[in-house]
Amino acid sequence: MSPTLILSLIAGYFVVLIIISILTSRKATSESFFIANRNAPWYMVAFAMIGTSLSGVTFISIPGMVATQSWSYMAVVLGYIVGYLVIGTVLMPLYYRLRLVSIYTYLEQRFGFWSYKTGAFFFLLSRAVGAAFRLFLVAGVLQLAVFDGLGVPFAVTVTISILLIYLYTFRGGLKTILWTDTFQTMAMLLCVGVSIYLMADELNLGFAGLVKTVKESAMSQIYFSDPKDDKFFWKQFASGAFITIVMTGLDQDMMQKNLSCRSLPDAQKNMFWFTLAIVIVNVFFLSLGVLLYQFAAAKGIALPTDAVTGKVIGDNVFPLLATNHFSLFAGIVFILGIIAVTYASADSALTALTTSFCVDMLDIKQHDEAKQKRLRHLTHFGFSLVLIVIILIFRAINDQSVITAVFKAAGYTYGPLLGLYSFGLFTGRGVHDRLVPFVCVAAPLLTWFINANSKAWWGYEFGFEILMLNGLITFLGLLAVSRPREVATELNPAL
């Protein structure tokens with residue numbers, strides 16, 4: 001594919017997004033920016049959340065990992081179901097009853113000022129790093145495929161990409177995001193569907209043959225044998241449940257969409273159908289991974305390997321085949337798909353960061369609408385610059401091991417949120433509020449220390465379940481600084 005064609009696709013794609021923005025941001029207010037006037041149809045929210053919950057990393061990595069991890073990730077996906085059940089029955093009723101705009105407001109009502117600010121800070125940190133990292137990976141792909149050949153510096157590529165996101169989100173916010181993410185989810189699903197269909201056609205597989213090929217492949221294995229293995233089913237299953245509770249139920253980015261539904265029953269319907277859809281979508285991604293390797297083997301295509309280990313670089317398999325060995329049409333669909341899934345998560349993250357900072361840090365509701373609008377626009381632009389700076393820092397480091405470590409470290413920041421909300425919902429105790437920030441900083445550090453030494457100490461290797469350990473340490477730390485209090489049942493329906 002020529003750089004000119006790819007550039008034309010990107011330009012046309014953003015033109016569509018900006019048109020959607022213009023049509024959906026008329027008469028936009030802070031209420032529409034933050035929670036879409038609490039008037040969004042549940043089915044639109046459910047569909048839009050598919051694109052938001054995935055990313056360019058997921059889009060490429062899940063199919064690529066089946067060669068080494070088989071279908072072990074499916075255990076995580078099945079764990080999602082339990083997590084979404086907890087969100088729909090425990091967290092969402094609480095958020096709707098308190099009519100929250102930022103979900104971290106609950107922490108102030110339950111514990112106090114410092115607990116509230118600590119929860120909001122950990123969200124802002126983790127979401128900013130995570131969104132920047134995802135954009136960094138895709139910007140790197142586009143830089144190699146298009147902009148290096150045109151002599152455009154990486155910093156310019158990143159700046160233009162972020163500013164384009166800013167342009168179509170700064171006015172309408174969530175009201176616009178629901179429409180753009182719906183469009184982008186459609187583009188992503190089209191890419192996966194077309195890729196599966198074209199490879200099945202090339203391999204002369206009908207639907208029955210396709211199912212049989214995936215089912216009988218060694219790459220479709222799920223691991224039940226060794227509990228110490230980080231791919232062990234029940235370990236992955238439990239991790240999936242807790243990851244969902246924290247990274248959806250305790251994440252402003254994801255819950256902001258749920259809070260835009262017209263009522264709690266609508267939001268719960270959205271969660272039910274979204275759960276079903278996300279499981280099916282992940283089955284498609286894993287099936288796509290099996291077919292990619294089958295296709296490469298059948299066509300005698302040499303896959304990219306690591307120069308040191310000689311192992312196939314899974315993250316490069318889908319991009320390589322789509323842009324060099326599929327048809328031109330399939331290559332175009334792939335480019336649109338990866339752009340769609342990446343910017344669907346990035347634009348949503350930018351809006352959520354703006355919402356959390358305005359509500360949690362600036363207390364924006366104390367101002368009139370005109371000042372709210374000015375503060376909102378400044379914050380939105382400010383976080384756009386923050387994302388650019390973080391991405392350029394990643395580029396300057398230029399060390400994948402360090403960058404990956406930074407990205408994994410962002411996952412540690414969800415542990416304190418898990419501990420805070422668990423303690424708030426399932427105990428009747430108060431805390432010494434000023435000590436909460438110290439507990440929430442110490443818990444991830446202690447978790448990291450245990451994780452770094454667990455294999456040497458016990459022969460046990462942590463996987464995704466590191467989140468549970470982090471949350472448990474935070475919970476115990478809060479218990480240590482807690483004190484008796486009257487049970488405020490109006491804020492704590494779990495008691």
Side-chain angles (χ1 to χ4, degrees), residues 1 3-18 21 51-52 54-61 124-170 177 180-181 184 187 253 315-316 319 323 334-354 357 377-407 409-410:
M1 295 179 67
T4 303
L5 176 58
I6 297 175
L7 193 60
S8 300
L9 288 172
I10 296 171
Y13 185 84
F14 274 105
V15 166
V16 173
L17 294 181
I18 289 172
S21 172
T52 305
L54 302 174
S55 69
V57 180
T58 308
F59 189 80
I60 293 172
S61 294
L124 291 169
L125 175 64
S126 55
R127 184 51 77 180
V129 172
F133 184 80
R134 294 180 179 98
L135 280 167
F136 166 75
L137 290 181
V138 176
V141 172
L142 296 177
Q143 185 70 25
L144 289 172
V146 183
F147 297 109
D148 276 345
L150 299 175
V152 178
F154 181 78
V156 175
T157 302
V158 170
T159 301
I160 291 174
S161 297
I162 300 294
L163 291 181
L164 284 170
I165 295 175
Y166 169 81
L167 282 176
Y168 75 80
T169 58
F170 84 98
I177 292 296
T180 56
D181 280 7
Q184 294 178 129
D253 188 0
D315 286 356
N316 291 349
T323 56
F334 169 79
I335 293 296
L336 289 176
I338 192 172
I339 293 170
V341 75
T342 299
Y343 288 108
S345 62
D347 58 20
S348 180
L350 183 57
T351 301
L353 288 167
T354 300
F357 193 83
H377 287 177
L378 285 171
T379 302
H380 204 61
F381 185 72
F383 272 109
S384 299
L385 297 180
V386 167
L387 293 180
I388 292 171
V389 170
I390 295 174
I391 292 171
L392 294 180
I393 290 173
F394 284 145
R395 179 73 167 189
I397 294 171
N398 200 28
D399 182 334
Q400 286 300 315
S401 62
V402 175
I403 293 168
T404 302
V406 171
F407 182 55

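All values below were derived from every heavy atom in this structure, side-chain atoms included, with hydrogens, water molecules and symmetry-related copies excluded.
- Residues passing the ring-ring contact (aromatic ring centres under 6.0 Å, His included) test with Tyr168: none are found, sequence neighbours excluded.
- In this structure, the ring-ring contact (aromatic ring centres under 6.0 Å, His included) partners of Tyr13, at least two apart in sequence or on a different chain, are Phe183.
- Shown here are the side chain to side chain contact (heavy atoms under 4.5 Å, CB included) partners of Ala187, two or more places apart in sequence or in another chain: Ala340.
- A distance of 6.0 Å separates CD1 in Ile18 from CG in Leu164, rounded to the nearest 0.5 Å.
- Rounding to the nearest 0.5 Å places OH of Tyr166 at 6.5 Å from NE2 of His377.
- Judged as a side-chain hydrogen bond (donor to acceptor under 3.5 Å, both in side chains), and not counting sequence neighbours, the contacts of Thr157 are Gln143.
- The side-chain hydrogen bond (donor to acceptor under 3.5 Å, both in side chains) search around Thr351 returns none, not counting sequence neighbours.
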Exercise for review: Check step by step if side-chain contact (heavy atoms from CB on, under 4.5 Å) holds for Phe381 and Thr354.
Suggested key: CA-CA 9 Å; Phe381 185 72; Thr354 300; over 6 Å; no
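- Considering only heavy atoms from C-beta on, Phe154 comes within 4.5 Å of Leu392 through its side chain.
- Remark: Ile165 CD1 to Leu350 CG distance equals 7.0 Å, nearest 0.5 Å.
- Residues satisfying the side-chain hydrogen bond (donor to acceptor under 3.5 Å, both in side chains) criterion with Thr180, sequence neighbours excluded, are absent altogether.
- Separating the CG atom in Leu387 from the CG atom in Leu353 is a distance of 6.5 Å, to the nearest 0.5 Å.
- No side-chain heavy atom of Ile160 sits under 4.5 Å from any side-chain heavy atom of Val152.
- Atom OG of Ser21 and atom CZ of Phe14 lie 12.0 Å apart (nearest 0.5 Å).
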